[in-house]
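Input: a single structure, listed below in structure tokens.
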Amino acid sequence: MAKGPQKDSKNKALHTKLLNRKKAKIQEEKKERALQLKAIITKMNQQKKDNESDIQSE
């Protein structure tokens, strides 16, 4: 009995490589976004503290 055509393992390897790159890129973007949000939150909390201290000192 004849077996079917050989599988295209080279194409599969390239596809896997591309998918891994895409996943890594998405992970990196999520980390960057989280850092930006953290920075914004810290800045807003600092401003809030400054405003509260200004009100109390008056």
Side-chain angles (χ1 to χ4, degrees):
M1 259 185 154
K3 294 183 180 179
Q6 282 187 329
K7 294 194 175 192
D8 191 4
S9 60
K10 181 180 178 187
N11 190 31
K12 185 175 180 180
L14 288 175
H15 182 69
T16 305
K17 184 178 177 183
L18 287 174
L19 285 180
N20 288 340
R21 256 197 242 162
K22 183 178 178 181
K23 286 179 188 176
K25 182 179 177 184
I26 291 172
Q27 279 297 82
E28 190 62 33
E29 288 173 353
K30 282 184 181 181
K31 285 181 184 178
E32 286 178 21
R33 179 167 291 238
L35 287 174
Q36 288 174 346
L37 286 175
K38 244 183 206 180
I40 291 171
I41 290 171
T42 356
K43 184 178 176 184
M44 292 305 293
N45 286 339
Q46 187 63 38
Q47 286 180 354
K48 195 174 186 181
K49 285 181 186 177
D50 290 345
N51 287 341
E52 288 176 358
S53 64
D54 287 344
I55 292 171
Q56 290 176 357
S57 64
E58 289 180 352

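Just so you know, residue 1 is the first one in the sequence shown, and it goes up from there.
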May I ask you to list the residues sharing a hydrophobic cluster with Ile26, side-chain cutoff 4.5 Å, ordered by chain and number? none

Partners meeting side chain to side chain contact (heavy atoms under 4.5 Å, CB included) with Thr16 (sequence neighbours left out): Lys12, Asn20

Where is the tightest heavy-atom contact between Ser53 and Asp50, given as atom of each residue plus distance? OG-O, 2.8 Å

For the NZ atom of Lys25 and the CD atom of Gln27, what is their distance to the nearest 0.5 Å? 14.0 Å

For Met44, the other hydrophobic cluster members (4.5 Å side-chain criterion, sorted by chain and number) are Ile40

What's the spacing between Leu37 CG and Thr42 OG1 if we round to 0.5 Å? 10.0 Å

Lys38: which residues meet the side chain to side chain contact (heavy atoms under 4.5 Å, CB included) condition with it, sequence neighbours left out? none

Any residue meeting side chain to side chain contact (heavy atoms under 4.5 Å, CB included) with Leu18, in chain and number order, not counting sequence neighbours: Arg21

